Amino acid sequence: MNYWLMKSEPSTFSIQMLKEKKNRQESWDGVRNYQARNFMRDEMKRGDLALFYHSSCKEIGVVGIVEIVKESHPDKTALDENSAYFDPKATKDNPIWFMVDVAFREEFPQIISLAEIKKHEELSEMPLLQRGQRLSIQKVTKREFSFIKKLASLKQ
DNA sequence: GCCAACGTTGGC
DNA sequence: GCCAACGTTGGC
């Protein structure tokens with residue numbers, strides 16, 4: 001089982017939006033970076049857990065946990081001319097872009113902010129904190145995942 | 001809004 | 001295959 005961090009701009013898709021969906025599930029569409037795509041296509045498995053990270057917003061940080069409930073399948077927004085994520089190079093036979101489906105598992109009582117993550121030596125090797133790192137999907141160790149989950153529970 | 005750091009594109 | 005130009009990301 002693997003652990004992940006998945007970034008989203010909350011103005012586009014937030015954990016509240018996921019939580020308010022009827023089945024509390026959503027396809028993680030719109031990823032247009034090959035490395036992030038490869039993680040989804042090749043490595044993400046059903047049952048994996050991911051930290052939900054809000055980026056480019058007022059309160060930056062980890063806001064909760066989601067579970068991968070459906071493994072890689074083609075991202076249809078790449079074929080949709082009306083989508084902001086349309087890619088003219090994608091075809092039905094060669095979709096290029098893939099996505100997984102996630103399900104809401106937990107919303108932290110308080111955000112674990114980027115500033116706080118930076119304070120803990122135990123989290124200092126997270127890709128998130130490495131210079132120039134901007135991948136929207138990143139690997140997280142079990143230790144890091146548990147540490148952040150514990151930080152969140154301590155704030156209750 | 002700024003800007004550093006990346007990733008992608010396209011001419012050669 | 002190189003690499004300059006350009007576009008994007010994302011924290012501040």
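Given the structure is predicted, the values throughout are model-derived calculations rather than measurements. The chains referred to below are lettered A, B, ... by the order of the sequence lines, with proteins before strands, and numbering in each begins at 1.
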*Asks:* Could you check how far CZ of Arg131(A) sits from P of dC6(B), rounded to whole Å?
*Replies:*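 The answer, rounded to whole Å, is 6 Å.
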*Asks:* Which nucleotide in the set dG10(C), dT9(B), dT8(B) lies at the smallest distance from any side-chain heavy atom of Ser55(A)?
*Replies:*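 From the listed options, dG10(C) comes nearest.
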*Asks:* Could you state the atom-to-atom distance from CD of Gln35(A) to P of dA5(B) in whole Å?
*Replies:* 18 Å
*Asks:* Could you check how far CD of Gln133(A) sits from C1' of dG10(C), rounded to whole Å?
*Replies:*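 Answer to the nearest Å: 12 Å.
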*Asks:* If the cut-off is 4.0 Å, is Tyr53(A) near the phosphate of dG11(C), judged by side-chain N/O to OP1 or OP2?
*Replies:* yes
*Asks:* Given dG7(B), dG11(C), dG10(C), identify the nucleotide with an atom nearest to the side chain of Lys7(A).
*Replies:* dG10(C)
*Asks:* Looking at Glu116(A) and Lys155(A), is any side-chain nitrogen of the basic one under 4.0 Å from a carboxylate oxygen of the acidic one?
*Replies:* yes
*Asks:* Heavy atoms from C-beta onward define the side chain here; which of dG7(C), dT8(B), dG11(C) lies closest to that of Tyr34(A)?
*Replies:* dT8(B)
*Asks:* Rounded to whole angstroms, how far apart are NE2 on His54(A) and P on dG11(C)?
*Replies:*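 In whole Å, dG11(C) P and His54(A) NE2 are 12 Å from each other.
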*Asks:* May I have the distance from Ile60(A) (atom CD1) to dT9(C) (atom P), rounded to whole angstrom?
*Replies:*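 That distance rounds to 15 Å.
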*Asks:* What is the separation between atom CG on Asn33(A) and atom C1' on dT9(B), rounded to the nearest whole Å?
*Replies:*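 Distance check: Asn33(A) CG to dT9(B) C1' gives 15 Å.
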*Asks:* So that I know where these two stand, are Trp97(A) and Tyr34(A) an aromatic pair - ring centroids less than 6.0 Å apart?
*Replies:*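 Yes: the rings meet the under 6.0 Å criterion.
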*Asks:* Assign Lys118(A) to base, sugar-phosphate, or nothing according to its heavy-atom contacts below 4.0 angstrom with the strands shown.
*Replies:* sugar-phosphate
*Asks:* Test Asp29(A) against every option in Thr77(A), Val100(A), Asp80(A) by the side-chain contact (heavy atoms from CB on, under 4.5 Å) rule and name the one that passes.
*Replies:* Thr77(A)
*Asks:* Among Glu122(A), His120(A), Met126(A), which one satisfies side-chain contact (heavy atoms from CB on, under 4.5 Å) with Ile148(A)?
*Replies:* Met126(A)
*Asks:* Could you give the CZ-to-C1' distance, from Arg32(A) to dT9(C), as a whole number of Å?
*Replies:* 16 Å
*Asks:* Rounding to a whole Å, what distance do you find between Asp87(A):CG and dG7(B):C1'?
*Replies:*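 From Asp87(A) CG to dG7(B) C1': 14 Å.
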